[in-house]
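Worksheet: one structure, shown below.
Computed from a predicted structure; not experimentally measured.
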Amino acid sequence: SASRPELTGQARRLRPLALAGATGAIVGAALLLLTPGDTFELVVPWLIGLASVAILVRRPLIEVAVADAHVDLDAARRVPRNLLVGIGVIGIYAGYFGAGAGVLLLALLLFVFGEAVARMNAVKNVVLGVANGIAAVGMVLFGDVRWSAAVPLAAGLFVGGRIGPVIVRRLPEGPFRLGIAIAGLGLAVKLGLDAYG
């Protein structure tokens with residue numbers, strides 16, 4: 001995996017996070033198959049807009065740890081139960097709608113763990129990859145897939161998954177956070193115009 005350096009030492013917390021995301025994705029995919037497609041349409045722009053702003057908020061946990069060698073980083077990085085609930089809810093959203101789920105998940109991880117964007121982006125990629133994979137299998141088995149759109153999308157995701165972590169690793173964190181927030185707000189505005197226009 002291109003994110004292997006950022007994922008080093010994170011296996012213990014990745015397992016419960018991925019499981020929570022997968023569970024949510026199963027529920028979300030089932031909702032998508034069983035309910036009208038516009039159920040979340042009006043609330044999605046607000047969720048993405050709030051998450052985009054939240055990307056700019058950083059808990060100073062890692063700076064405190066660097067300044068004080070006695071801080072227990074393992075304790076700081078344990079997975080709180082309420083985070084698993086949040087991941088599950090985002091998994092539902094990802095399985096149901098998907099657009100902007102990465103922004104929501106990254107914002108939540110950054111706020112809870114307060115670590116570098118590159119590390120949290122790697123966790124986000126794994127958790128969302130598992131959730132989206134499960135939702136995709138559900139759609140293939142029980143839904144109506146437009147393969148003409150799915151195949152190029154899958155190819156783009158594969159390429160992005162390979163080169164994205166390399167780019168993230170080299171970008172300065174402050175401008176990168178700002179770029180994510182601006183892109184997320186742009187997506188929120190676009191989806192808001194579609195929903196309310």
Side-chain angles (χ1 to χ4, degrees), residues 3 13-55 79-113 120-161 164 180-197:
S3 295
R13 72 176 170 195
L14 268 174
R15 283 189 286 269
L17 294 177
L19 180 59
T23 304
I26 292 170
V27 175
L31 286 172
L32 179 61
L33 291 167
L34 299 173
T35 62
D38 58 355
T39 304
F40 284 162
E41 191 173 316
L42 297 177
V43 73
V44 164
W46 298 102
L47 289 174
I48 296 173
L50 287 173
S52 300
V53 173
I55 289 284
V79 178
R81 289 184 182 175
N82 57 352
L83 173 61
L84 296 178
V85 174
I87 298 288
V89 171
I90 293 173
I92 293 172
Y93 170 77
Y96 184 93
F97 188 79
V103 176
L104 294 171
L105 182 53
L106 184 57
L108 180 60
L109 292 170
L110 286 169
F111 180 77
V112 171
F113 291 119
M120 294 299 91
N121 189 62
V123 173
K124 179 263 295 181
N125 288 343
V126 171
V127 174
L128 210 54
V130 170
N132 286 336
I134 287 177
V137 169
M139 292 300 106
V140 168
L141 294 177
F142 304 108
D144 181 19
V145 179
R146 295 185 182 178
W147 292 105
S148 60
V151 171
L153 179 62
L157 289 171
F158 177 78
V159 173
I180 295 171
I182 291 171
L185 287 171
L187 177 61
V189 170
K190 166 66 168 64
L191 294 174
L193 291 173
D194 290 345
Y196 293 95

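- Heavy-atom minimum distance, Gly143 versus Leu33: CA-CD2, 3.8 Å.
- Checked against side-chain contact (heavy atoms from CB on, under 4.5 Å), Ala22 has the following partners two or more places apart in sequence or in another chain: Val130, Ile134.
- With rounding to the nearest 0.5 angstrom, the CG atom of Leu84 is 9.5 Å from the OG1 atom of Thr23.
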Result block: side-chain N/O donor-acceptor pairs under 3.5 angstrom for residues 47-54, not counting sequence neighbours:
from: Ser52; atom 1: OG; to: Ile48; atom 2: O; distance (Å): 2.7
from: Ser52; atom 1: OG; to: Leu185; atom 2: N; distance (Å): 3.3

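- Between Met139 and Val145 the shortest heavy-atom distance is O-CG2, 3.6 Å.
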Open item on the list: Working note: Leu187 + Val103, criterion side chain to side chain contact (heavy atoms under 4.5 Å, CB included); need CA distance, chi angles, decisive distance, verdict.
Closed with: CA-CA 10 Å; Leu187 177 61; Val103 176; 5.5 Å; no
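- Residue pairs satisfying the side-chain hydrogen bond (donor to acceptor under 3.5 Å, both in side chains) criterion with at least one member in residues 136-158, sequence neighbours excluded, are absent.
- With values rounded to the nearest 0.5 angstrom, Leu14 atom CG is found 12.0 Å from Leu19 atom CG.
- For residues 185-197, the set of pairs meeting the side-chain hydrogen bond (donor to acceptor under 3.5 Å, both in side chains) definition, not counting sequence neighbours, comprises Trp46-Tyr196, Lys190-Asp194.
- In this view, Ile182 and Leu178 satisfy the side-chain contact (heavy atoms from CB on, under 4.5 Å) rule, not counting sequence neighbours.
- Contacts classified as side-chain hydrogen bond (donor to acceptor under 3.5 Å, both in side chains) and involving residues 123-134 (residues at least two apart or in different chains) are given here: Asn121-Lys124.
- In this structure, CD1 on Ile26 lies 12.0 Å from CG on Leu31, to the nearest 0.5 angstrom.
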- Query: Given Phe113 and Val123, is the side chain to side chain contact (heavy atoms under 4.5 Å, CB included) satisfied, shown in steps?
  - Reply: CA-CA 11 Å; Phe113 291 119; Val123 173; 5.9 Å; no
